[in-house]
Undergrad: 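One structure, as structure tokens, below. Some questions next.
The chains referred to below are lettered A, B, ... by the order of the sequence lines, with proteins before strands, and numbering in each begins at 1.
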Amino acid sequence: MSSIGTGYDLSVTTFSPDGRVFQIEYAAKAVDNSGTVVAIRCKDGIVMGVEKLISSKMMLPGSNRRIHAVHRHSGMAVAGLAADGRQIVARAKSEATNYESTYGEPIPVKELAERVASYVHLCTLYWWLRPFGSGVILGGYDRDGPQLYMVEPSGVSYRYFGAAIGKGRQAAKTEIEKLKLSEMTCRKGVIEVAKIIYGVHDEAKDKAFELEMSWVCDKSNRQHQKVPDDLLEEAKAAAKAALEEMDAD
Amino acid sequence: MDMSSGDLNAPHSMGTTIIGVTYNGGVVLGADSRTSTGMYVANRASDKITQLTDNVYICRSGSAADSQIVSDYVRYFLHQHTIQLGQPSTVKVAANLVRLLSYNNKNSLQTGLIVGGWDKYEGGKIYGIPLGGTVLELPFTIGGSGSSYLYGFFDQVWKEGMTQEEAEKLVVKAVSLAIARDGASGGVVRTVTIDKDGATRKFYPSETLPLWHEELEPQESLLDILSAASPEPMMS
């Protein structure tokens, strides 16, 4: 789907003759080339997982986190340029605390998603700013239940029951569609997400990766937190077993 | 007797009795209708229960100007908030906005407010926001100068989970009791009942309110009183 926009791709304030803004599309490419991020909405909460590609053997496990807590009730998984993603998370955190200070209640996830999307879009309007080179998946649990939103570098934001960004997103989306999410609990969802991420990881092209997962569900008291270590290990084991089964065919 | 015309240049103050009460399914807000400038009653039929949104109302007491301006700002913010959210604001949000204005401007404002309403998440709720800008979520609350005479009354009569009729009767009785004793409260009693179906205004003219005292026998002169048989001392 790549095309060269020679001449019309130098500035984010330039449209091409066929109505595209190439700078935004190039920003989306940065997201497409990063490690896969998968998130699903189960019947009792949200599960998010990231395929964190390890660039150096000397990196400590657990560092360079790709999933961040935004507020007590919500978290954000980032794909694309890590530094850009950090800014988006910082903005989301700030919006969430300001809302609570003014209105006295936690920010509804829908409102948070709209504000983040609006901020990301802002950076596509001026020639002296560049678009964010990262997309985020925002998962939260508020009074209206668990909700999942994805914000792309263009500033577009939709609500999903299952979403994936990054390298293996096509394969991941196919796998998500096979799942019966409305009947799945988060406990099972954690296992499924781990299986999907292990499944889409390309052993040939990328070397090592670390699986990072988080959830917001009834079990976690509707707070966003890292998936507990024992469940994470269970998920990793199940995913590796599923892989071997596939290879054995 | 020195017939003073009162200080007509004094700021309008709502001496006031205001009440907010929750019942099984909603809330009832009540108030008197006297606005005074010193000793002069500037408005004997004022409406101290002001609408903030379709489902949230506020009772105002203290300085009329201060309470009006706070209500106007909060109505404006709530309107914007409703548009952003795409659904009605909760009572808690309304109370918080009122509290922020009251607290941050505490040195300039002199107004005690009661926020009451109904939303789909929490049902009927009452929030009391007195002078300094505290917020207190309560099953019922009273405010204004007339409320001093109602504390004992509510201690005895209040119960959780009343019906709408019981709650309305209670509020009207309480406001009329306060009007009987507080010079700065008077006029008519107004109530607003808010539940899942919206808000309903009711009006109780002064003639319908009980007097809380019996008519005394006319006394002709002091001689009659003195020559009457000495009455029994007051028994409890």
Undergrad: Donor-acceptor pair, B/S61 side chain versus B/G112 backbone, under 3.5 Å?
TA: yes
Undergrad: Take atom NZ of B/K202 as the centre, draw a 6.0 Å sphere, and report whether it contains more than 12 heavy atoms from other residues, nucleotides or ligands.
TA: yes
Undergrad: Using only non-hydrogen atoms and a strict under-4.5 angstrom cutoff, which residues of residues 147-170 of chain B touch chain A?
TA: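 So no residue qualifies.
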Undergrad: With A/A27, which residues qualify under side-chain contact (heavy atoms from CB on, under 4.5 Å), at least two apart?
TA: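 Checked A/A27 against side-chain contact (heavy atoms from CB on, under 4.5 Å); matches are A/P131, A/P153.
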Undergrad: Among B/V171, B/I19, B/I126, exactly one meets side-chain contact (heavy atoms from CB on, under 4.5 Å) together with B/L29. Which residue is that?
TA: B/I126
Undergrad: Partners of B/T208 by side-chain contact (heavy atoms from CB on, under 4.5 Å), sequence neighbours excluded?
TA: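 Scan of B/T208 (side-chain contact (heavy atoms from CB on, under 4.5 Å), adjacent residues dropped) gives B/Y204, B/P205.
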Undergrad: With a 4.5 angstrom heavy-atom cut-off, is it the side chain or the backbone of B/L85 that approaches chain A, or both, or neither?
TA: both
Undergrad: Would you mind checking chain B against chain A for donor-acceptor pairs under 3.5 Å and listing them?
TA:
{"unit_1": "B/H81", "atom_1": "NE2", "unit_2": "A/Y99", "atom_2": "OH", "d": "2.7"}
{"unit_1": "B/T90", "atom_1": "OG1", "unit_2": "A/E105", "atom_2": "OE1", "d": "3.1"}
{"unit_1": "B/N96", "atom_1": "ND2", "unit_2": "A/T102", "atom_2": "O", "d": "3.0"}
{"unit_1": "B/Y121", "atom_1": "OH", "unit_2": "A/D144", "atom_2": "OD1", "d": "2.6"}
{"unit_1": "B/Y121", "atom_1": "OH", "unit_2": "A/D144", "atom_2": "OD2", "d": "3.3"}

Undergrad: As a test of understanding, state which of B/I114, B/V70, B/V93 forms a side-chain contact (heavy atoms from CB on, under 4.5 Å) with B/V98.
TA: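 Among B/I114, B/V70, B/V93, the one meeting side-chain contact (heavy atoms from CB on, under 4.5 Å) with B/V98 is B/V70.
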Undergrad: Using modelled atom types and a 3.5 Å cut-off, is there a donor and acceptor pairing between side-chain atoms of B/R201 and backbone atoms of B/T193?
TA: no
Undergrad: Return yes when atom CD of B/Q110 has more than 12 non-hydrogen atoms of other residues, nucleotides or ligands closer than 6.0 Å, and no otherwise.
TA: no
Undergrad: Does the B/R34 side chain pair with the main chain of B/T17, one donor and one acceptor, at a distance under 3.5 Å?
TA: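 Judged by distance alone, no pair lies under 3.5 Å.
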Undergrad: Between B/S33 (side chain only) and B/V188 (backbone N and O only), is there a donor and an acceptor less than 3.5 Å apart?
TA: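 The answer is yes, because a donor-acceptor pair under 3.5 Å joins these two groups.
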